[in-house]
Every structure is written in C-alpha cells, then in structure tokens.
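Written below as structure tokens is the structure these notes are about.
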Amino acid sequence: MPDHDQRALLAREFFDRPATEVAPDLLGCVLWHDSPAGIVAARLVEVEAYRGGMDAASHAFRGPTARNAVMFGPPGHAYVYFSYGMHYCVNVVCQAPGRGEAVLLRAGAVVEGAMLARQRRYGVPAASGTDAGGTSATGGGTGGAAAGPAGPDAGNGSRGRQRELDLARGPGRLCQALAIDRSLDGAHVCAPSGPLGIGPAQVDQSQADSAAIIRTGPRVGISKAVELPWRYWIAGDGHVSGYRPSKPRSS
DNA sequence: TGCTCGATTACCT
DNA sequence: GGTAATCGAGCAA
C-alpha cells in the first residue's frame, strides 16, 4: 500500500550545499512520514536556514553535543529536537559532515493524509467528510493532492478554513501533524525505504506560479543573529506562520 | 548540583 | 493581544 517507494526523493547531493541555498529550494517540496497509522505529507511553505559554527542562533554554534550530533553528520538526515518542554521541531542537515548546517522546516500545507493529521492535531476523525486523504486512501497519490487548500474544508466556514491552515502551520504543529518525534532523529530523508522523506516540488502550473514568489526575512523566535534574513517562505500562502520576534523572559 | 533559557503553542481576557 | 505551560540542554558554581 505505501506507494512511497515510487515517490521521487531529493538526492543526497541536494542537501550537500550551504543551508542558505538549500532552504529556498525546499519551498514547494513535499515532506512525508510513513507511520504505522498511515502517510501524512505536507508541501513546505516556510523554512529557516541555520549555518552551524558561523551562526550564533544555531544549535550547532557551540560545537557538537549529544543532542545535536546529527547536525554534524552527513547531509540529508533529519535533526529532531524537543523545544519548550512540549514541542518537537525538525531540521534537515546540509553541507558535508562536520559543518553543523541545517534547514528548519517551519510550516507546510498538508497535501495527503489530512484526516490523520487532523486526528493527531485536534483529536477528531474529521471535521467534514469531504476529505479522501485519510491514511493512504488517496487514490491519486501525491498528484491528486496538488489541488491545494481547497477540498478539505468544503462546506465549512472561515473557522474550518483556519483550522485547515493551522494543521501544519508552525514547526511544532508540523511535527504533530506528521507524528515526528525524537525517534526520527537521524532518519535519512533521501532513503527510499525510510519512514521519512522529502520529494521534489510538484511541477503543477498553479504551484509553479506561487513558488516563484519567495520572500526572505528575519528568523522567528531567536535572540541572536536576529538581523540575518535567513527565513524563506512562499508569499501569500496562508499556511505560513506569522513573524514573531524573540520575547525577553519576564523576571 | 542547581539554575536559566529556549528555533512554541494554546488559551484566556 | 498577552501570558502561562512545561522539560531538557547547557552553563556556572
């Protein structure tokens, strides 16, 4: 049933470049997780580049530790960490081993397995019955999902639409929707047999148009190197999370 | 050994 | 729009 061995995957060489080059190229690509419960896939609409030892905001800035060891390994592997005591965030390692560069995957639009993603996020089977994307039941596979954000909330009001946009809007939500946790730390996203993968951007005309408009700006929630415009997102896409500067802790 | 902070989110006003 | 929640990593003593 998992048709992911037929899915196109990005080559390892794709990630063997500076994170600031990989990050914009990842926009429009599809991240998927094939779990026992089913497949959920999301088209990436927002990412951030972290450049290891030369980037004070990077987890790798201070050198390798047990937590960030994966960042210093070969490119094309997932670095998953636990944040704020309750959320997971997922990165993809870039550059040759030892560099510590990675791209944080911040937000996506669920294009497959939306029903399962809703279940994970909101604990309900489905808001409305129009979604055929539950688990791997999507007949058309990735291609059929290319229609964009229309289908799932048909018949719902703006509230339902917002919920749909919020499914994977933000790094913590993305991980929750795709059931990504520390067990996937180090997973190879270029391996055909692995549970986690990233496929190339779909060459659909409407998406090609939107993917052409890539914006850059300061990264979210960091207190160091805030001036670096290493956040990349698809302009006008409702699945992009809003910019929030780092908030100093209240005493 | 203990303390502080964090690549966030959900909920309350 | 503002704030509490929550826990692991990293640093200092």
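Convention: sequence-line order gives letters A, B, ...; per-chain numbering from 1. Small disclaimer: the values here were computed from a predicted structure and weren't measured.
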Is there any protein nitrogen or oxygen under 3.5 Å from a nitrogen or oxygen in nucleotides 10-13 of chain B, and what are the pairs?
unit_1 : atom_1 : unit_2 : atom_2 : d
B:dA10 : OP1    : A:R121 : NH1    : 2.9
B:dA10 : OP2    : A:R173 : NE     : 2.9
B:dA10 : OP2    : A:R173 : NH2    : 2.6

Review point. Quick one: side-chain hydrogen bond (donor to acceptor under 3.5 Å, both in side chains) partners of A:R99, sequence neighbours excluded?
Key: none
Check your understanding: Are A:Y81 and the base of B:dA7 stacked, counting only ring centres nearer than 5.5 Å and planes tilted under 30°?
Key -> no
Point to revise | Side-chain donor/acceptor of A:R169 to backbone N/O of A:G108, under 3.5 Å | key: no
Check your understanding: Less than 5.5 Å between centroids and less than 30° between ring planes, does A:Y84 satisfy that with B:dG6?
Key -> yes
Point to revise | Reading 5' to 3' through nucleotides 8-13 of chain C, protein heavy-atom contacts under 4.0 Å coded B for base, S for sugar-phosphate only, - for none | key: SSSS--
Check your understanding: Can you name the closest pair of heavy atoms from A:A114 and A:E164 and give their distance?
Key -> CB-OE2, 4.2 Å
Review point. Is A:D25 paired with A:R17 through a side-chain N to carboxylate O contact shorter than 4.0 Å?
Key: yes
Check your understanding: Listed by chain and number, what are the salt bridge (charged side-chain N to carboxylate O under 4.0 Å, His left out) partners of A:R215, not counting sequence neighbours?
Key -> none
Practice item. Output yes when at least one side-chain N/O atom of A:R106 is less than 4.0 Å from OP1 or OP2 of B:dT8, else no. Key: yes
Study note, to complete from the structure: The salt bridge (charged side-chain N to carboxylate O under 4.0 Å, His left out) partners of A:R106 (sequence neighbours excluded) come to A:E46, A:E48
Point to revise | Minimum-distance pair of heavy atoms, taken over all atoms of A:A41 and A:V30 | key: CB-CG1, 3.7 Å
Check your understanding: B:dA7 C1' sits how many Å from A:Y79 OH, rounded?
Key -> 9 Å
Revision key, fill the gap. Out of C:dA5, B:dA7, B:dG6, minimum distance to the side chain of A:M71 belongs to B:dA7
Revision key, fill the gap. Side-chain contact check for A:M86: nearest option of B:dA7, B:dG6, B:dT8 is B:dT8
Check your understanding: Centroid-to-centroid, A:H59 to A:Y81, below 6.0 Å?
Key -> yes
Point to revise | Pair assignment for DNA chain B - dot-bracket with | for other-strand partners, Watson-Crick or G-U under 3.5 Å | key: ||||||.|||||.
Review point. Taking the side chain from A:R7 and the backbone from A:G197, do they hold a donor-acceptor pair closer than 3.5 Å?
Key: no
Point to revise | Shortest non-hydrogen contact from A:I234 toward A:V240 | key: O-CG2, 3.7 Å
Check your understanding: Could you state the CZ-P distance from A:R231 to B:dT8, rounded to the nearest angstrom?
Key -> 10 Å
Exercise for review: Test A:R120 against A:S35 for side chain to side chain donor-acceptor pair (under 3.5 Å), laying out the working first.
Suggested key: CA-CA 12 Å; A:R120 286 167 174 162; A:S35 73; 2.8 Å; yes
